[in-house]
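Here's the structure, in C-alpha cells; my notes come after.
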There are 2 protein chains.
Amino acid sequence: MSSTGSPVSNDDDLLALDRQVCFGLAVASRSVIAFYRPILEPLGLTHPQYLVMLALWQGAPLKFKDLAAQLRLDPATLTPIVRRLERDELIERGRLEGDDRSFTLSPTEKGAALRQQALAVPSTVIERLGLPVEQLLALRDGLTDLIAAVDRAT
Amino acid sequence: MSSTGSPVSNDDDLLALDRQVCFGLAVASRSVIAFYRPILEPLGLTHPQYLVMLALWQGAPLKFKDLAAQLRLDPATLTPIVRRLERDELIERGRLEGDDRSFTLSPTEKGAALRQQALAVPSTVIERLGLPVEQLLALRDGLTDLIAAVDRAT
DNA sequence: TCCATCTTGTTTGTACACAAACGATAGTGT
DNA sequence: ACACTATCGTTTGTGTACAAACAAGATGGA
C-alpha cells in the first residue's frame with residue numbers, strides 16, 4: 001500500500017517488528033525474574049537484592065556509587081534496596097575516610113553465609129530451564145550488543 | 001576445587017554466567033525502555049501504555065482478559081494502566097452482553113488518531129539504535145525461545 | 001430454588017524504577 | 001575566610017509489577 005514492495009519496510013511491518021522486539025524483551029525479563037522468584041524465596045531475596053549480593057560477594061567492600069554503576073541502577077532505586085538488605089542484616093555500611101557523604105557496603109557474616117545457598121541457584125535455574133548453555137551464551141552476547149548499541153546512541 | 005576441570009562447570013563459573021544472563025536481560029530491558037522514553041514522551045505514553053495501544057490498534061475491541069493474556073500481564077497490573085489511558089481519553093470501555101463482570105476496550109477517536117504519530121516510533125528507534133535488522137530478528141528469536149523455555153518449565 | 005463454586009476484575013500491600021528536587025559535604029577560586 | 005560550584009546519597013511523586021484477599025456476577029448441581 002505505502003511501501004515499495006520490499007519486505008519489512010513499510011510502517012506496519014516495522015510496527016509489528018518493534019512490538020516483537022521491545023515487547024519480547026520486556027516479557028522475557030519479567031518471565032525470567034518470575035522464574036527466579038520461587039528459587040530465591042527460600043533465601044529471602046528478591047531478584048534485585050540477589051544482584052546486589054552477587055556484586056558484593058564478588059568484591060567487597062564496594063562504594064555505594066560504584067555498586068549503582070555496576071548494576072546500572074539509579075541511586076534513588078538502589079537506596080531502598082540497600083535499606084532492606086541492611087534491615088535483614090545481610091549487608092552493612094562501612095565509613096570512608098576523607099568523604100563523609102560516601103560510604104561502602106559489605107556482606108555481614110550472615111550475608112556471607114548466604115552465599116553457600118546461593119551457589120545452588122544458577123544450576124537449579126539452568127537445569128529447570130532446560131536450555132543448552134551455548135544458547136544462553138549466544139543470548140548473552142546478543143543482549144550485550146544491544147546494551148552497547150543503546151549506550152552508544154544515548 | 002570442586003569441579004572436574006571442564007570449563008563452565010563449577011559453581012563459581014555458573015554464578016558468573018547466571019549473573020551475565022539474568023542481569024543482562026534485566027539491564028537490556030530497562031535500557032531499551034529508557035531508550036523509548038524520550039521517543040514516547042511526545043505521544044504522552046509510557047512503555048506499557050504503548051504496548052496496550054499497539055495491541056488495541058491491531059485489533060479492537062478486545063476483552064480485558066484477552067488483553068492481559070496477550071501482554072502477559074497480571075490483571076492487577078493492567079487495571080491501573082487501563083485507568084490512566086481512559087483518564088487520558090485514549091481508550092474506552094464497551095459493555096459485553098451476557099456477562100456483566102467482563103468488558104471490552106477500544107481506542108477512542110483520539111486514541112485512533114495517535115496511531116499516526118506512533119507509526120514513526122519504530123523507524124526512529126531502529127535508526128537511532130543503528131543495529132542491523134537481522135540482528136534484531138535474531139535477538140527476537142532468542143528471546144522467544146527463552147520465553148518458551150520458561151513457559152515449559154513453569 | 002438454593003447454595004456451593006468458579007470467574008472476573010479491583011483493591012491492598014510490598015517492592016522496584018526513574019525524574020526532579022533536596023540537604024549535606026567537598027572542592028575551588030578569590 | 002568566603003562564596004561558588006560540584007558531588008553524593010536521600011526524599012518525593014508517579015508509574016509499573018505481582019501476590020493475596022476481595023466483591024460481584026455467573027454457573028452448576030441437589
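Residue numbers start from 1 in every chain, and the chains themselves are labelled A, B, ... in the order their sequence lines are given, proteins ahead of strands.
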Salt bridge (charged side-chain N to carboxylate O under 4.0 Å, His left out) involving Asp100(A) - partner list, sequence neighbours excluded: none
Atom-to-atom span, CD1 of Ile81(B) to P of dT11(C) - whole angstrom: 15 Å
Nearest-angstrom distance from the residue atom CG of Leu73(A) to P of dT10(D): 14 Å
Pairs touching residues 111-136 of chain A that satisfy ring-ring contact (aromatic ring centres under 6.0 Å, His included), sequence neighbours left out: none
Length of the line joining Phe64(A):CZ and dG9(D):C1', which is rounded to integer Å: 6 Å
Distance below 4.0 Å between Thr77(B) side-chain N/O and dT16(D) OP1 or OP2: no
Sugar-phosphate only, base, or nothing, as touched by Arg84(B) at under 4.0 Å among non-hydrogen atoms: base
Atom-pair distance (CZ on Phe103(B); C1' on dA24(D)), nearest Å: 14 Å
Least distance between heavy atoms, Leu96(A) atom then Thr104(A) atom: CD1-CG2, 3.4 Å
Heavy-atom donor-acceptor pair, Ser102(B) side chain to Asp99(B) backbone, under 3.5 Å: no
Please report, to 0.1 Å, the donor-acceptor pairs under 3.5 Å made by any side chain of residues 50-63 of chain A, with sequence neighbours excluded.
{"unit_1": "Tyr50(A)", "atom_1": "OH", "unit_2": "Asp18(B)", "atom_2": "OD2", "d": "2.7"}
{"unit_1": "Trp57(A)", "atom_1": "NE1", "unit_2": "Gly111(A)", "atom_2": "O", "d": "2.9"}
{"unit_1": "Gln58(A)", "atom_1": "OE1", "unit_2": "Arg19(B)", "atom_2": "NH1", "d": "2.4"}

Upstream residue (5' side of DNA chain C) when Asp100(A) and Arg87(A) are each assigned their closest nucleotide: Arg87(A)
Between dA15(C) (C1') and Asp88(A) (CG): distance, integer Å: 13 Å
Rounded distance in Å - CZ (Arg83(A)) to C1' (dT14(C)): 13 Å
Toward the 5' end of DNA chain C, by each residue's nearest nucleotide, Pro75(B) or Arg30(B): Pro75(B)
Summary of salt bridge (charged side-chain N to carboxylate O under 4.0 Å, His left out) pairs that have at least one residue in residues 20-46 of chain A, sequence neighbours excluded: none
Close approaches to DNA chain C from residues 31-59 of chain B, in residue order (heavy atom, under 4.0 Å): Arg37(B)
Listed once per pair and sorted, the ring-ring contact (aromatic ring centres under 6.0 Å, His included) pairs that draw on residues 72-131 of chain A, sequence neighbours left out: Phe64(A)-Phe103(A)
So which protein N/O to nucleotides 2-7 of chain D N/O distances come out below 3.5 Å?
{"unit_1": "dT7(D)", "atom_1": "O2", "unit_2": "Arg101(A)", "atom_2": "NH1", "d": "2.3"}

Between C1' of dC18(C) and CZ of Arg72(A), the distance in whole Å: 15 Å
ring-ring contact (aromatic ring centres under 6.0 Å, His included) partners of residues 133-154 of chain B, not counting sequence neighbours, each pair once: none
Touch class at under 4.0 angstrom, heavy-atom based, for Leu78(B) against every strand present: nothing
Ser102(B) side chain near dG25(D) phosphate (N/O to OP1/OP2, under 4.0 Å): no
Contact summary for Pro107(B) and Glu92(B), nearest pair of heavy atoms: O-OE2, 4.5 Å
Length of the line joining Leu96(A):CG and dA26(C):P, which is rounded to integer Å: 11 Å
Taking only nitrogen or oxygen atoms into account, show me every contact under 3.5 Å that the protein makes with nucleotides 20-23 of chain C, one pair per line with its distance.
none

5' precedence on DNA chain D between Thr79(A) and Ala26(A) (nearest-nucleotide basis): Thr79(A)
By salt bridge (charged side-chain N to carboxylate O under 4.0 Å, His left out) - contacts of Asp66(A) (at least two apart): none
Pairwise salt bridge (charged side-chain N to carboxylate O under 4.0 Å, His left out) hits with a residue in residues 127-140 of chain A, at least two apart: none
Where at least one partner belongs to residues 67-89 of chain B, residue pairs that pass salt bridge (charged side-chain N to carboxylate O under 4.0 Å, His left out), sequence neighbours excluded: Arg72(B)-Asp151(B), Glu86(B)-Arg93(B)
